[in-house]
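This is a predicted model, so every value here is computed, not measured. Residue numbers start from 1 in every chain, and the chains themselves are labelled A, B, ... in the order their sequence lines are given, proteins ahead of strands. Below, all heavy atoms of this structure are taken into account, side chains as well, without hydrogens, waters or symmetry copies.
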2 protein chains.
Amino acid sequence: MLKENFNHYSLILDQTARRVKQYAQASFSLNEIDLTVDQWAVLKTLYENTDLTQKELADKCGKDQPTLTRIVDLIIKKDYIKRIEHPSDRRCLHLQLTEAGLKKVEDLAPTVSKFREKAWENLTKEDFEHFTRILNKIYQNLEQK
Amino acid sequence: MLKENFNHYSLILDQTARRVKQYAQASFSLNEIDLTVDQWAVLKTLYENTDLTQKELADKCGKDQPTLTRIVDLIIKKDYIKRIEHPSDRRCLHLQLTEAGLKKVEDLAPTVSKFREKAWENLTKEDFEHFTRILNKIYQNLEQK
DNA sequence: CATAATTAGTTGACAACCAAATTATTACAA
DNA sequence: TTGTAATAATTTGGTTGTCAACTAATTATG
């Protein structure tokens with residue numbers, strides 16, 4: 001295995017990830033969805049997990065706390081979520097979907113799944129297994145203890 | 001194949017790409033390299049291809065023109081490259097490494113290859129083939145004509 | 001030859017990323 | 001109990017990505 005290739009692999013990974021995100025964002029815009037892809041990921045995660053703190057949410061979404069703080073700020077402006085105090089730890093904030101946020105997620109989930117499909121056309125069941133296994137391996141290789 | 005999974009795959013792709021970049025950037029910092037990962041990619045590409053226009057360079061690096069313009073601006077501030085006029089087309093600009101830039105690339109190349117390796121530990125030759133094939137397929141699925 | 005369409009590069013606005021520093025609160029230890 | 005360390009969230013600064021709009025130069029067309 002030539003070392004030169006590693007740079008190349010990094011590039012492929014980077015570009016593909018950007019393309020997938022870009023395509024999703026374009027689909028959002030076409031459907032006049034007033035969210036960014038990352039905002040959607042956060043909303044979806046909150047839909048699937050109630051009463052997360054920001055730290056927990058950040059971990060689940062794979063984002064930094066500062067990044068998450070800003071994304072949350074933006075979604076709050078759109079009135080889809082709200083911060084509420086943690087009952088026993090005043091450092092923490094629980095996040096909850098508002099009525100509008102709940103409705104938003106339920107309305108959009110099928111649509112979003114639909115145009116997420118395109119990226120994965122012409123891939124077999126085995127491909128998905130390879131994909132998941134290899135990317136997880138890479139991720140773990142770089143895990144900081 | 002459940003549609004729900006597609007969101008998950010997108011997330012894995014995104015997070016892995018970010019981790020790889022993040023690890024590389026951390027290694028740069030540890031070694032007190034005064035470049036970002038993207039700036040390095042641009043320098044390296046210019047080392048391997050002389051007299052590229054910004055458009056050609058953007059294509060080779062897989063970046064937009066606006067993004068590239070800004071990265072180039074930053075590298076120029078560090079005196080590693082310079083813009084020179086295109087001999088026959090006054091819309092274009094050729095980019096060239098300066099003496100310092102040339103030295104920089106030659107000094108750093110082995111070091112950078114070294115810590116790029118870590119991400120790809122424990123992967124087989126077949127894994128690399130799958131990786132390349134699958135990611136290229138995804139990229140092509142989303143190619144805008 | 002004049003006008004329209006295309007191309008290369010830049011800029012502005014906004015979102016997201018990371019690192020480092022800051023604040024407030026809680027947990028732990030001398 | 002007091003002080004120190006750890007934790008949750010935020011803020012700040014710098015870089016990158018995307019989109020849209022713009023300028024200047026070149027090519028195509030009528």
Side-chain angles (χ1 to χ4, degrees), chain A residues 11 14-30 33-42 51-59 61-78 83-95 142 144, chain B residues 11 14-30 32-42 52-59 61-78 83-95 142 144:
Chain A
L11 192 66
D14 199 54
Q15 287 179 213
T16 306
R18 266 190 291 128
R19 175 79 77 187
V20 167
K21 189 168 179 178
Q22 183 185 1
Y23 179 82
Q25 191 63 61
S27 305
F28 274 43
S29 300
L30 271 179
I33 298 173
D34 61 340
L35 293 169
T36 65
V37 173
D38 297 281
Q39 288 165 14
W40 168 256
V42 168
D51 281 332
L52 291 179
T53 65
Q54 290 197 184
K55 170 129 180 70
E56 289 163 346
L57 181 57
D59 286 343
C61 298
K63 297 183 182 304
D64 300 31
Q65 281 182 250
T67 300
L68 190 75
T69 292
R70 284 198 193 139
I71 295 177
V72 166
D73 285 345
L74 290 170
I75 308 179
I76 286 181
K77 269 192 203 157
K78 295 174 185 172
R83 291 190 174 98
I84 56 176
E85 282 177 19
H86 190 287
S88 60
D89 188 339
R90 277 194 294 171
R91 291 171 307 180
C92 302
L93 295 169
H94 272 172
L95 295 172
L142 304 181
Q144 63 273 60
Chain B
L11 194 65
D14 198 55
Q15 290 182 5
T16 306
R18 265 189 291 127
R19 174 80 77 185
V20 168
K21 191 166 179 179
Q22 184 185 0
Y23 179 82
Q25 190 62 62
S27 304
F28 274 42
S29 300
L30 271 179
E32 294 178 349
I33 298 173
D34 62 340
L35 294 169
T36 65
V37 173
D38 298 280
Q39 289 165 14
W40 168 255
V42 169
L52 291 179
T53 66
Q54 289 197 184
K55 171 131 179 70
E56 290 163 345
L57 182 56
D59 286 343
C61 298
K63 299 185 180 301
D64 303 31
Q65 281 184 250
T67 301
L68 191 74
T69 292
R70 283 188 195 138
I71 295 177
V72 166
D73 285 344
L74 291 170
I75 309 181
I76 286 180
K77 271 192 201 157
K78 296 176 182 170
R83 292 189 174 99
I84 57 177
E85 282 176 20
H86 189 288
S88 62
D89 188 338
R90 277 193 295 169
R91 291 172 306 180
C92 302
L93 294 169
H94 272 171
L95 296 172
L142 304 181
Q144 63 272 61

Could you state the [atom1]-[atom2] distance from [X] to [N], rounded to the nearest angstrom?
{"X": "A/Asp59", "N": "D/dT7", "atom1": "CG", "atom2": "C1'", "value": "13 Å"}
{"X": "B/Glu85", "N": "D/dT26", "atom1": "CD", "atom2": "P", "value": "11 Å"}
{"X": "B/Trp40", "N": "D/dT16", "atom1": "CH2", "atom2": "P", "value": "15 Å"}
{"X": "B/Arg19", "N": "C/dA19", "atom1": "CZ", "atom2": "P", "value": "10 Å"}
{"X": "A/Gln25", "N": "D/dA20", "atom1": "CD", "atom2": "P", "value": "11 Å"}
{"X": "B/Asp34", "N": "D/dG14", "atom1": "CG", "atom2": "P", "value": "16 Å"}

Along DNA chain D (nearest heavy atom to each residue), the more 5'-positioned of A/Ala26 and B/Ser88: A/Ala26
Short side-chain N/O contact from A/Gln22 to OP1 or OP2 of D/dC19, under 4.0 Å: yes
Return the minimal non-hydrogen interatomic distance between [X] and [Y], and the atom names on each side.
{"X": "B/Thr53", "Y": "B/Cys92", "value": "CG2-CB, 4.0 Å"}
{"X": "A/Val37", "Y": "A/Ala24", "value": "CG2-CB, 3.8 Å"}
{"X": "B/Trp40", "Y": "B/Leu35", "value": "CE3-CD1, 4.0 Å"}
{"X": "A/Cys61", "Y": "A/Ala41", "value": "SG-O, 4.4 Å"}
{"X": "A/Val20", "Y": "B/Leu142", "value": "CA-CD1, 3.7 Å"}

Per-nucleotide protein contact string for nucleotides 6-17 of chain C, where B marks a base within reach and S marks sugar-phosphate only (heavy atoms under 4.0 Å, - for neither): -BSBBBBB-SSB
Separation between CD of A/Glu85 and CG of A/Leu93, rounded to the nearest 0.5 Å: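 CG of A/Leu93 is found 7.5 Å from CD of A/Glu85.
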Between side-chain atoms of residues 70-78 of chain B and protein atoms elsewhere (two or more places apart, or another chain), which donor-acceptor pairs fall under 3.5 Å?
unit_1, atom_1, unit_2, atom_2, d
B/Asp73, OD1, B/Arg83, NH1, 3.3
B/Asp73, OD1, B/Arg83, NH2, 2.9
B/Lys78, NZ, B/Asp34, O, 3.0
B/Lys78, NZ, B/Gln39, OE1, 2.8

Any B/Gln65 side-chain heavy atom under 4.5 Å of B/Lys55 side chain: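 SC-SC contact between B/Gln65 and B/Lys55 confirmed.
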Non-hydrogen side-chain atoms of B/Lys21 and B/Arg18 separated by less than 4.5 Å: no
Base-pair map of DNA chain C as dot-bracket, where | denotes pairing with a different strand and pairs are Watson-Crick or G-U under 3.5 Å: ||||||||||||||||||||||||||||||
